[in-house]
Chemist: 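Starting off with a structure, shown below.
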Number of protein chains: 2
Amino acid sequence: MSSIAVIQRTFAVLEAVAASGSASAKEVAHRLEIPLPSVYRLLQELVEHGYLVHLKEQRCFELGPKCFDLGLSFRQRLVAPSAIRQATDELHRQVQAASYFAVYRGSDIVLTHLSDCTAHPRLRPLRFGFHEAAHATAFGKILLAGMPAEQRDSYLAARGMPVLTPHTMTNRHQLDAQLHAVAVRGVAWEHEEFLPQKTCAAVPVRNGSGIQVGAMAVSMPSQEAAGREREIEAVLREYAGRCSRYLRSGHPVTAA
Amino acid sequence: MSSIAVIQRTFAVLEAVAASGSASAKEVAHRLEIPLPSVYRLLQELVEHGYLVHLKEQRCFELGPKCFDLGLSFRQRLVAPSAIRQATDELHRQVQAASYFAVYRGSDIVLTHLSDCTAHPRLRPLRFGFHEAAHATAFGKILLAGMPAEQRDSYLAARGMPVLTPHTMTNRHQLDAQLHAVAVRGVAWEHEEFLPQKTCAAVPVRNGSGIQVGAMAVSMPSQEAAGREREIEAVLREYAGRCSRYLRSGHPVTAA
DNA sequence: GGCGGCTTCTCGCCTGACGAGAAACGGAAA
DNA sequence: TTTCCGTTTCTCGTCAGGCGAGAAGCCGCC
């Protein structure tokens, strides 16, 4: 693990401030065990570049505008293209359930759009950004199933399979078997494995080369899902198909 | 302007990637005129710390998870406390207009909560985060009026007074006169100075020591505002008063 | 298999970051 | 006002460690 010391320290300081929300130079120096003058140098540097601000009244440092800008750039880069957001929104309206779109990013899984409303709220822990509980969500399973075996191994090894509900799958062999079935059927269901009383379904989205690049999903209270499985799968496939066709052609697809 | 060279370069690289959305090492090296091996060192460093990711398939670098985390930390730190968000939401419902809450942050102005809906949408350019057009918005005027004179000078000097509509105030003396009136009356109006056809109003919010710390505002189509000025000012004052009382006592205030 | 690009590694030089210490600053209390 | 205390900035000699030219390694592509 190489590391240019200054950079190492600079980010350590930045992250220390981010973690505290607000920290004085002394606190940072103490927490990181870096001599005070060095901490001041680095803090000043970070302030100069706009990553921190120095609130003199309160004698403390906090995150600066550049941090927000980075977050925005990140979001703008990753957010699903508008044709796909639109498809997700329509799926939401048609199924009357919160809808999601997620993709691969390097070796991560990122939720790049979600559509919900007060009547059909999203599953609270799910939000735009990185998704860490792939073993327990429908779109996570779809995307895990689409990974090369070794990437899946390292993905799960890095994150483990935390228990989220009594139904969460925690046995790797059992998960592998289900992922195989998911890959064959082209649809993943998840019943109360992520949140109690909630059910999710997901299907793959492919790019122009037929490579699986993402997943479309819906979530709803389990009782609302009962008996609607065939209908939900059909609608999911319809909208995922629109997304795949969009990715192939570059033009929004409005109807079947 | 001091500057530790490595840090300077590291952030230059990070920002170059952020600006491009996606960039190869060579592109960065060329754009920043830094020798290629150094760029690789810095990129690798940024990848190691999670600020960038290396997408090998596409032979390029993009922003990494830490950027998103920083954005989230920033947001969580700045977002208005829930009592104030709630007051803003109620204001929105009662006035039937998009509502805003903004505060000082060091020498900046930050919009820390907004409440809107499809029937009463926010003014599109306004979103959570830093606000740059204080001379042209109602809450901007309230907050400018509450600044010490020299801070206001440097604020306006740094940002200028861009023309946004035919009604935008561009004369500094005229603005100062209006800010004086705003400070005396304790309310600011803005008629089509920020966006055509839109009108905004704002009033100050004070902390326990009586210091002005923020502003509450509403925006609406100009025709809807006509004739409702007194009502709007009264309701704004009511909710801003709740916020001020909350800041004084630390307890949410539900009724007058 | 060979080519052409991106990416990583090697190595000696010398810059420029480091940290102890002390001084300057500024707010709070008396 | 003066005093005091904690925070912040500055100074300076030392030497770690970052620098960049160059070359080698790696991969995908033709």
Chemist: Starting from C1' on dG18(D), measure out to CD1 on Ile7(A) and report it in whole angstrom.
Modeler: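 So the two atoms are 10 Å apart, to the nearest Å.
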Chemist: Can you check the Glu45(B) CD to dG17(D) P distance for me, whole Å?
Modeler: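 Rounding to the nearest Å, CD of Glu45(B) and P of dG17(D) are 13 Å apart.
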Chemist: If you draw a 6.0 Å radius around CD in Glu33(B), do more than 12 non-hydrogen atoms from other residues or ligands fall strictly inside?
Modeler: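 Open.
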Chemist: I need the NE2-C1' distance between His30(A) and dG6(D), as an integer number of Å.
Modeler: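 One finds 16 Å between C1' of dG6(D) and NE2 of His30(A), rounded.
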Chemist: Whole angstrom is fine here: how far is it from CG in Leu55(A) over to P in dT8(D)?
Modeler: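 Value for this atom pair: 11 Å.
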Chemist: Which whole-number value in Å describes the distance from Arg59(A) CZ to dT8(D) C1'?
Modeler: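 About 9 Å, once rounded to whole Å.
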Chemist: From the options Leu126(B), Val110(B), Asp108(B), select the one residue that forms a side chain to side chain contact (heavy atoms under 4.5 Å, CB included) with His131(B).
Modeler: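 Result for side chain to side chain contact (heavy atoms under 4.5 Å, CB included) with His131(B): Leu126(B).
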Chemist: Under 4.0 Å from any heavy atom of chain A: name the first and the last nucleotide of DNA chain C that qualifies, 5' to 3'.
Modeler: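 Nucleotide range with atoms under 4.0 Å of chain A: dC18(C) to dG27(C).
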Chemist: Determine: side-chain N/O of Tyr40(A) to OP1/OP2 of dT8(D), distance under 4.0 Å, yes or no.
Modeler: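 Yes, Tyr40(A) has a side-chain N/O under 4.0 Å of OP1/OP2 on dT8(D).
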Chemist: In plain terms, say whether Glu238(A) and Arg242(A) are close enough for a salt bridge, that is, a side-chain N and a carboxylate O under 4.0 Å apart.
Modeler: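 Yes, this pair counts.
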Chemist: Between Ala5(A) and Phe61(A), which residue's closest nucleotide on DNA chain D lies nearer the 5′ terminus?
Modeler: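 Closest to the 5' end, via its nearest nucleotide, is Phe61(A).
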Chemist: For Lys56(A) and for Leu36(B), find the nucleotide of DNA chain D with the closest heavy atom, then tell me which residue's nucleotide is more 5'.
Modeler: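 Per heavy-atom nearest nucleotide, the more 5' residue is Lys56(A).
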Chemist: Whole Å only: how far is the CD atom of Glu57(B) from the C1' atom of dC29(D)?
Modeler: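 Computing the Glu57(B):CD to dC29(D):C1' distance gives 17 Å.
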Chemist: When you check the phosphate oxygens OP1 and OP2 of dG20(D), does a side-chain N or O of Arg9(B) lie under 4.0 Å from one of them?
Modeler: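 Arg9(B) to dG20(D) OP1/OP2: side-chain N or O found under 4.0 Å.
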Chemist: Decide, yes or no, whether a salt bridge links Arg77(A) with Glu62(B) under the criterion of side-chain N to carboxylate O below 4.0 Å.
Modeler: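 A salt bridge is present here (some side-chain N lies under 4.0 Å from a carboxylate O).
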Chemist: What I'd like to find out is whether the side chain of Phe139(A) reaches to under 4.5 Å of the side chain of Leu111(A), using heavy atoms alone.
Modeler: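 Heavy-atom side-chain distance check passes, below 4.5 Å.
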Chemist: Could you state the CG-C1' distance from Leu42(A) to dT8(D), rounded to the nearest angstrom?
Modeler: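 Computing the Leu42(A):CG to dT8(D):C1' distance gives 15 Å.
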Chemist: Could you tell me if the side chain of Leu78(A) sits less than 4.5 Å from the side chain of Arg105(A), heavy atoms only?
Modeler: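 Arg105(A) reaches Leu78(A) side chain to side chain.
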Chemist: Below 4.5 Å, heavy atoms only, C-beta onward: do Ser38(B) and Arg9(B) meet side chain to side chain?
Modeler: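 They are in side-chain contact.
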Chemist: Can you tell me if the side-chain N/O atoms of Arg41(B) get under 4.0 Å from OP1 or OP2 in dC19(D)?
Modeler: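 Yes, Arg41(B) has a side-chain N/O under 4.0 Å of OP1/OP2 on dC19(D).
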